[in-house]
Amino acid sequence: MSEQHYLELCEKPVQFEHASNVNNVFFDEANKQVFAVRSGGATGVVVKGPDDKNSVAFRMDDKGEVKCIKFSIGNKILAVQRTLKSVVFPDKRSLKLLKSQSINVNWYQYCPETTVILLSTTVQGNILQPFAFRNGTMSKMSKFEIELPVVPKPAKLSLSERDIAMATIYGQLYVMYLKHHSKTANSPSAEVVLYHLPREGACKKSHVLKLNTTGKFALNIVDNLVVVHHQSSQTSMIFDIKLKEPDCAVNTHQPVLPARSIHPYRIPKLKVYILQFSVLTWTLTVPPDSSSWSVFQPDIIISASEGYLWYLQVKLTPTVNLLQDKGKLMDFLLRRRDCKMVILSVCSQILEGGEKGSLPVVATVFDKLNQVYKEYLEAEQSYAAMESGPSRGGAAQKRPVRTQAVIDQSDMYTHVLSSFTEGKGVSHKFIIAVLMEYIRSLNQFQITVQHYLYELVIKMLVQHNLFYMLHQFLQYHVLSDSKPLACLLLSLESTYPPAHQLSLDMLKPVLKSSFECLPVCQGLPCSQDVIVNGRYSNRVSLRIQTVCWVCSSVHCPR
């Protein structure tokens with residue numbers, strides 16, 4: 001069943017001393033650090049973070065129960081909260097009030113990635129006031145209202161901190177509201193409502209994620225996917241807000257895949273026997289949506305009872321068989337981080353064996369791949385033009401990052417098309433049609449087709465004696481003229497005599513300079529042919545060149 005789990009916990013979690021009567025565990029979302037505080041700190045405080053090579057350990061005086069403990073960025077200043085209204089800084093320094101706001105607050109949420117704090121105000125708690133922090137300044141953003149399923153009478157606090165989370169999805173900040181089912185509401189199930197919160201401008205309701213069930217939920221963001229954990233069923237579902245549902249409203253989304261449990265994580269347990277030797281055994285943990293687990297943004301799951309901090313991850317391979325719509329599957333995969341090899345394997349499955357797809361499906365997949373490929377090429381050209389242009393000294397532009405979603409012609413040739421053309425049990429007509437479909441897609445996006453793709457087509461045509469089709473492809477320039485292609489045609493002269501003239505016709509516009517020599521053509525029969533002879537010298541200013549195909553040298557008579 002492991003192939004059914006598309007979510008898993010990271011292989012190397014952060015381990016810390018588990019929570020107990022003498023050890024309290026705290027988590028700092030800003031620094032992603034776990035604090036294990038023993039006996040109020042008197043017997044030790046151990047701090048562990050995912051990026052720390054060595055853990056930080058120290059002691060402090062036990063002055064009462066620790067309610068919260070955090071480090072500043074860079075672990076320079078330690079703050080300890082023991083009462084509701086006071087925070088102690090062990091490193092004595094002076095504080096300066098920069099700015100203050102007078103506002104009644106029910107609770108707050110803070111997003112360390114965007115340095116935005118969200119305050120719940122009013123009696124019902126559904127008027128949210130965000131503030132942004134940047135370069136030591138605080139700016140007030142536009143407040144907005146969360147639409148409650150039912151307005152209570154008389155008014156009371158109706159929006160809980162547990163139902164609100166902030167996260168960055170596709171580079172944009174969203175406030176996620178877990179809207180539960182109400183007996184008096186028309187909606188039979190819970191949903192997650194996403195409010196887009198820009199730095200400037202009004203916050204607007206932008207997406208609705210249909211959960212199709214009720215109960216207790218928790219939220220994570222993994223690789224720009226919204227992951228919703230359902231406690232009672234011990235399953236999780238994922239949503240991609242960039243995938244459009246054909247039968248739903250524009251911004252209403254169903255789960256991308258069927259709900260599945262997270263792949264169980266095996267925790268080593270050490271058992272010590274009377275004979276003083278130990279045996280290492282493995283036990284399976286409960287799924288992370290259990291009440292004993294804590295979920296933090298964007299992708300952190302903590303088990304204080306076991307002493308583990310994990311990062312949640314998406315496994316792409318199982319999604320291939322769970323999402324049957326290949327076009328939608330490509331849209332989903334192209335937006336994921338480690339997608340290249342999975343995408344190439346999907347292309348191979350579509351073309352080979354039982355996964356052979358119809359040409360419209362193949363065309364759709366090729367177009368989606370080449371659209372991303374073209375966007376990258378244009379970004380590279382724009383960057384190169386800016387670097388070499390007169391405005392080079394202006395605002396710096398970052399070089400385009402080549403993500404794994406960029407599948408170029410070399411990738412397709414090496415991992416898909418080359419083996420596909422050599423496969424058995426597939427009609428040669430279908431193979432040729434697929435190759436031409438890929439070339440058609442490249443031409444549609446104005447991407448220069450590499451000669452090795454043309455060679456695959458010609459190889460298949462010659463192998464099955466489809467010379468009439470080859471002649472048509474060349475005559476109507478379906479296969480673009482090039483020197484490598486002309487040399488390949490020359491090698492076919494013994495098999496298909498008209499190929500000689502076709503190669504000459506192709507070389508005529510290609511060889512523009514009288515001093516330009518032919519490329520090296522391997523594997524051709526030895527001859528002393530005059531490639532550009534007197535017939536062409538009247539129309540094209542070219543010197544007569546004699547080519548010896550054995551040594552691949554070009555002789556230019558003086």
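Residue numbers start at 1 and run along the sequence shown.
Formation of a donor-acceptor pair under 3.5 Å by the Gln297 side chain with backbone atoms of Leu219 is found in this model. Not a single donor-acceptor pair under 3.5 Å links the side chain of Gln446 to the backbone N or O of Asn443. Checking side-chain atoms of Gln409 against main-chain N and O of Thr448 turns up a donor-acceptor pair under 3.5 Å. Formation of a donor-acceptor pair under 3.5 Å by the Tyr376 side chain with backbone atoms of Thr403 is not found in this model. Using modelled atom types, one side-chain atom of Asn251 and one backbone atom of Ser206 make a donor-acceptor pair closer than 3.5 Å. Judged purely by atom type and a 3.5 angstrom limit, Lys315 uses its side chain to pair as donor or acceptor with the backbone of His5. Of the possible polar contacts, one joining the Gln404 side chain to the Lys340 backbone as a donor-acceptor pair under 3.5 Å is found. Checking side-chain atoms of Tyr454 against main-chain N and O of Ser480 turns up a donor-acceptor pair under 3.5 Å. Using modelled atom types, no side-chain atom of Asp411 and backbone atom of Ile407 make a donor-acceptor pair closer than 3.5 Å. A side-chain donor-acceptor contact under 3.5 Å links Thr414 to the backbone of Ser410.
The number of heavy atoms from other shown groups lying within 6.0 Å of OH (Tyr170) is above 12. No more than 12 heavy atoms of other residues, nucleotides or ligands shown are found within 6.0 angstrom of CZ on Arg134.
From Leu488, atom CG reaches atom CG of Leu490 across 9.0 Å, with rounding to the nearest 0.5 Å. In this structure, CG on Leu489 lies 10.0 Å from CG on Leu504, to the nearest 0.5 angstrom. Atom NZ of Lys210 sits about 4.0 Å away from atom CD of Glu191, to the nearest 0.5 Å. A distance of 8.5 Å separates CE in Met460 from CG in Leu466, rounded to the nearest 0.5 Å. With rounding to the nearest 0.5 angstrom, the OH atom of Tyr6 is 15.5 Å from the CD atom of Gln313. A distance of 5.5 Å separates CG of Asp331 from CZ of Arg335, quoted to the nearest 0.5 Å.
Inter-residue side-chain proximity for Thr137 and Phe133 is flagged as unmet; no heavy-atom pair is nearer than 4.5 Å. In this structure the side chain of Val361 reaches within 4.5 angstrom of the side chain of Ser358, judged on heavy atoms. Glu113 places none of its side-chain heavy atoms less than 4.5 Å from the side chain of Met166. No side-chain heavy atom of Tyr311 sits less than 4.5 Å from a side-chain heavy atom of Val222. Taking 4.5 Å as the limit, every side-chain heavy atom of Leu453 sits out of range of all side-chain heavy atoms of Met412. Using a 4.5 Å heavy-atom cutoff, the side chains of Ser418 and Glu422 are in contact. Inter-residue side-chain proximity for Val434 and Leu359 is flagged as met; some heavy-atom pair is nearer than 4.5 Å. Using a 4.5 Å heavy-atom threshold, the side chains of Leu456 and Tyr413 count as touching.
The aromatic rings of His207 and His253 are tilted relative to each other, their planes meeting at an angle between 30° and 60°. Classified by interplanar angle (parallel below 30°, tilted 30° to 60°, perpendicular above 60°), the ring pair Phe430/Phe420 is perpendicular.
Between the side chains of Ser441 and Asp367, a donor-acceptor pair is found at a separation under 3.5 Å. In this structure, a donor-acceptor pair under 3.5 Å is absent between the side chains of Glu8 and His263. Inspection of the His428 and Gln463 side chains reveals no N or O donor paired with an N or O acceptor under 3.5 Å.
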Starting from the C-alpha separation in whole Å, work towards a yes-or-no answer on side-chain hydrogen bond (donor to acceptor under 3.5 Å, both in side chains) for His230 and Gln234.
CA-CA 6 Å; His230 186 222; Gln234 296 189 352; over 6 Å; no
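For the residue pair Leu323 and Leu329, the shortest heavy atom distance occurs at CD2-CA, 3.5 Å. The shortest non-hydrogen separation linking Ser142 to Gly201 is OG-O, 3.6 Å. Of all non-hydrogen atoms in Thr214 and Phe217, the two that sit nearest each other are C-CZ, 3.8 Å. Residues Pro198 and Cys203 share a closest heavy-atom pair of CD-CA, 4.2 Å. The heavy-atom pair separating Ala30 from Pro112 by the smallest distance is CA-CB, 3.6 Å. Listed here is the closest heavy atom pair of Cys347 and Met330: SG-CE, 4.1 Å.
When each of Leu211, Leu209, Ile164, Val193 is checked for a side chain to side chain contact (heavy atoms under 4.5 Å, CB included) with Leu178, only Leu211 meets the rule.
Classification of Arg402 and Asp408 as a salt-bridged pair holds, one side-chain N sitting under 4.0 Å from a carboxylate O. A salt bridge does not link Asp240 to Lys328: none of the charged nitrogens lies less than 4.0 Å from a carboxylate oxygen.
Geometrically, Arg336 engages Phe332 in a cation-pi contact, judged by NZ or CZ lying under 6.0 Å from the ring centre and within 45° of the ring axis. For the pair Lys204 and Tyr195, the cation-pi test (distance below 6.0 Å, angle within 45°) is failed.
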